Structure formats: structure tokens, C-alpha cells
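Worksheet for the structure shown next.
Chain naming here is simple, since letters A, B, ... match the order of the sequence lines and numbering starts at 1 in each. Because the structure is predicted, anything quoted here is derived from the model rather than measured.
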Protein chains: 2
Amino acid sequence: MNNDVIRGHLDLLLLAVVASGAGHGYAVIRALRERSDDAFDLPEGTIYPALHRLEQQGLVVSSWTVAEGRRRRVYRLSGVGQRALVDGQRDWRAFARSVDAVLEGAR
Amino acid sequence: MNNDVIRGHLDLLLLAVVASGAGHGYAVIRALRERSDDAFDLPEGTIYPALHRLEQQGLVVSSWTVAEGRRRRVYRLSGVGQRALVDGQRDWRAFARSVDAVLEGAR
DNA sequence: GCGCAATACATAGGCAGCCTATGCTTGCGT
DNA sequence: ACGCAAGCATAGGCTGCCTATGTATTGCGC
């Protein structure tokens, strides 16, 4: 089902996942898939650049770690990112309400 | 607030508005703005190409009319468009539920 | 009478962002 | 040995929304 309906909402989803301690990129992909009940099964080519974008914007910070012999780039929310998450959740609710309002008129 | 969060959802919104008898393009813009309480205030350069896309896909059909001295291209849903609207509403609900599920884990 | 805003349509061009494809390394199971 | 999952990364393309611009008509204010 995932096409580009997610466009513009991905950053918020990533912030939410990182906020609850998902850590590194691959885990973010898994968490996103599991929490959405397989609705958001996003490829690495989507997630990694998105995380880099978030870091460039200062919403997340990353550091290298090694776990189970594998290097991992672990992300966590910055203060700015926390605020962005709260704002994003508010904006999402407003957006969803607006869409619902338009759709309701249809039937 | 309108950025590209609407990306991928615009077609559904247009189908919904046309379904409830909005008619021509300019009226669609107004209806969208009013029903969403000013959240969706989209420029003509967004709406007209979108309506043309929908027509090319066979979801709407158009015809020229003249009202109040002005020419108007009036749109109405096709049978395929009706089904697309129903499907789109279902998909939207699933999408919104998925986003909510991911966001809930965050707090 | 004139200018300006709103109504109404249309299209070209730009840009952002998600996806596809590809490549690399390491660890584990068989 | 071999394959596959885990893990990271980037280049390139495509799609679709927005900006800017153009046309024409009606109606209002001055």
C-alpha cells in the first residue's frame, strides 16, 4: 500500500520511532513495519537518507557503536527534535481532521 | 500549513469534493478551503493539472458550460471515479490508523 | 472612464522527496 | 564454502505539487 501517501509524513514517523528508543537505522525500519502492522515497509534507500536529513536539520544526533560485532549508527532525539515531534503530532492531527472533514462532505 | 503533506492525498480530496457536486475548478478550490477550515488553500496551478490528471485517468468527466457570462469546465464523477473514491476513503482510514499507531508508541 | 480585484481557465518550469538499484562488510546457519 | 540476514551508504530517476505567468470577463470603487 505504500506509495507516496507517506510523502511529507515520513520525518514525523521517524522522529516518533527514534523517540521511543529504536536506535539505529535498520531497527527503525523494523519498528516502523511492526508498529504499522506491515503498512509501512520502507526500503533502506528511503530511511537512511531521511535519517541523514534529520541529522542535518539538527533534529537527531548520531553516534557510532558496535553491538554483536557489527557497527551501528545509533540515533537519538535532540531537544529541537523533541519539540519538532510534538509540533508534528499536532500538525498531523490537524491534517487528519481536515481530510476527514473534506471526505465527510462526500457521502 | 499546506506543504507537501498533501502529496498523494490530493486526488482523493478532489474526488470527494467533486462527488458532492462542486462542479468547476474554481469552485473546487473554494469548497476545499471552506470544508477544511482554511487548512487546504491550494493554488490554481495545483488544482487544474490535478483535475486534468483525474480526467485522463477516467475518474472524472468534464463538459463546458456558461454561467454568469463566464465559461466553466464542469466536472462530475464517473463510475470508475465513484469506486476510486470509496477505495480511497478506505485506504485513507488505513493510512491514518497506521500513522496513529506509530505515533502512539512515541509518548 | 479607468484601474483593480475576483472569477475562471491554462501551462511551463522548478524543486523536494521518496524509490529503485547497486555496492560494501560482517555474522550465522548448514 | 555458501547463502542469507543484518547493517550502512549513495547515485539517479520519477512523480507531483508549487511558483510564476498568461489570457479573458465581470463588477466594483472613484
Side-chain angles (χ1 to χ4, degrees), chain A residues 1-15 17-18 22-34 36 39-57 59-60 62-75 88 95 98-99, chain B residues 1-15 17-18 22-34 36 39-57 59-60 62-75 88 95 98-99:
Chain A
M1 83 91 118
N2 88 69
N3 261 338
D4 53 351
V5 285
I6 216 175
R7 184 75 156 271
H9 304 284
L10 179 61
D11 288 4
L12 173 60
L13 294 174
L14 294 185
L15 289 178
V17 171
V18 172
H24 64 290
Y26 214 81
V28 166
I29 293 178
R30 245 183 291 124
L32 217 42
R33 184 176 52 233
E34 287 165 9
S36 70
F40 302 141
D41 192 8
L42 302 176
E44 300 155 80
T46 296
I47 299 301
Y48 288 117
L51 286 172
H52 295 167
R53 268 202 315 275
L54 292 180
E55 185 165 26
Q56 263 195 327
Q57 294 167 17
L59 303 182
V60 299
S62 74
S63 52
W64 284 103
T65 57
V66 177
E68 300 160 33
R70 285 196 187 85
R71 59 170 193 157
R72 284 175 175 172
R73 185 185 280 272
V74 177
Y75 294 91
F95 173 73
S98 295
V99 173
Chain B
M1 85 91 117
N2 86 66
N3 262 339
D4 54 350
V5 285
I6 216 175
R7 184 75 157 273
H9 304 284
L10 179 61
D11 288 4
L12 173 61
L13 294 174
L14 293 184
L15 289 177
V17 170
V18 170
H24 65 291
Y26 213 80
V28 166
I29 294 178
R30 243 183 293 122
L32 216 42
R33 184 174 51 233
E34 288 165 8
S36 72
F40 301 142
D41 191 9
L42 303 176
E44 300 155 80
T46 296
I47 299 301
Y48 288 116
L51 286 171
H52 295 165
R53 269 202 315 273
L54 291 179
E55 185 165 26
Q56 263 194 325
Q57 294 168 17
L59 303 182
V60 300
S62 75
S63 52
W64 283 103
T65 56
V66 177
E68 301 160 30
R70 286 196 186 84
R71 60 171 190 154
R72 283 177 175 172
R73 186 185 280 272
V74 177
Y75 294 91
F95 173 73
S98 296
V99 173

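Here the C1' atom of nucleotide dG17(C) and the CD1 atom of I47(A) are 13 Å apart, to the nearest Å. For the pair Y75(A) OH and dG7(D) C1', the computed distance is 11 Å after rounding to whole Å. Separating the CG atom of L54(A) from the C1' atom of dA9(D) is a distance of 16 Å, rounded to the nearest angstrom. Across the protein-nucleic acid pair, W64(B) atom CH2 and dT25(D) atom C1' stand 13 Å apart, rounded to whole Å. Atom CG in L42(A) sits about 17 Å away from atom C1' in dA9(D), given to the nearest Å. One atom, CD1 of I29(B), and another, C1' of dC9(C), lie 10 Å apart when rounded to the nearest Å. If you take CG of L51(A) and P of dC8(D), they are 9 Å apart, rounded to a whole angstrom. Atom-to-atom, CG of L32(A) to P of dG7(D) comes out at 16 Å; the value is rounded to the nearest Å.
You'll find the side chain of H52(B) stays beyond 4.5 Å of the side chain of Q56(B), heavy atoms only. Two residues are said to be in side-chain contact when any heavy atoms from C-beta on lie closer than 4.5 Å; E44(B) and Y26(B) meet this criterion.
The backbone N or O of V99(A) lies less than 3.5 Å from no partner atom in the side chain of H9(B), so there is not a single donor-acceptor pair.
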Any N/O pairs under 3.5 Å between the protein and nucleotides 13-16 of chain D? List them or say none.
unit_1, atom_1, unit_2, atom_2, d
dT15(D), O2, R7(B), NH2, 2.7
dG16(D), O4', R7(B), NE, 2.7
dG16(D), O4', R7(B), NH2, 2.9
dG16(D), O3', R7(B), NE, 3.4
dG16(D), N3, R7(B), NH2, 3.3

Using atom names, set out every protein N or O paired with an N or O of nucleotides 6-8 of chain C below 3.5 Å, distance rounded to 0.1 Å.
unit_1, atom_1, unit_2, atom_2, d
dT7(C), O2, R70(B), NE, 3.1
dA8(C), OP1, R72(B), NE, 3.0
dA8(C), OP1, R72(B), NH2, 2.3
dA8(C), OP2, R30(B), NH2, 2.7

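Here S62(A) pairs with E55(A), R73(A) under the side-chain hydrogen bond (donor to acceptor under 3.5 Å, both in side chains) rule; sequence neighbours left out. Contacts of R53(B) classified as salt bridge (charged side-chain N to carboxylate O under 4.0 Å, His left out), with partners at least two apart in sequence or in another chain: D11(B). Not counting sequence neighbours, the partners of L12(A) by the side chain to side chain contact (heavy atoms under 4.5 Å, CB included) test are L85(A), Q89(A), W92(A), L103(B). Scored by the salt bridge (charged side-chain N to carboxylate O under 4.0 Å, His left out) test, R71(A) finds no partners at all (sequence neighbours excluded). Qualifying side-chain hydrogen bond (donor to acceptor under 3.5 Å, both in side chains) partners for R70(A), counting only residues two or more places apart in sequence or in other chains: none. Partners of L32(A) by side chain to side chain contact (heavy atoms under 4.5 Å, CB included), not counting sequence neighbours, listed by chain and number: L13(A), L14(A), V17(A), F40(A), L42(A), I47(A), V102(B).
H9(A) has no side-chain polar atom (N or O) that falls below the 4.0 Å cut-off from OP1 or OP2 of dC18(C).
Nearer the 5' end of DNA chain C, as judged by each residue's closest nucleotide, is the contact made by V74(B), out of A50(A) and V74(B).
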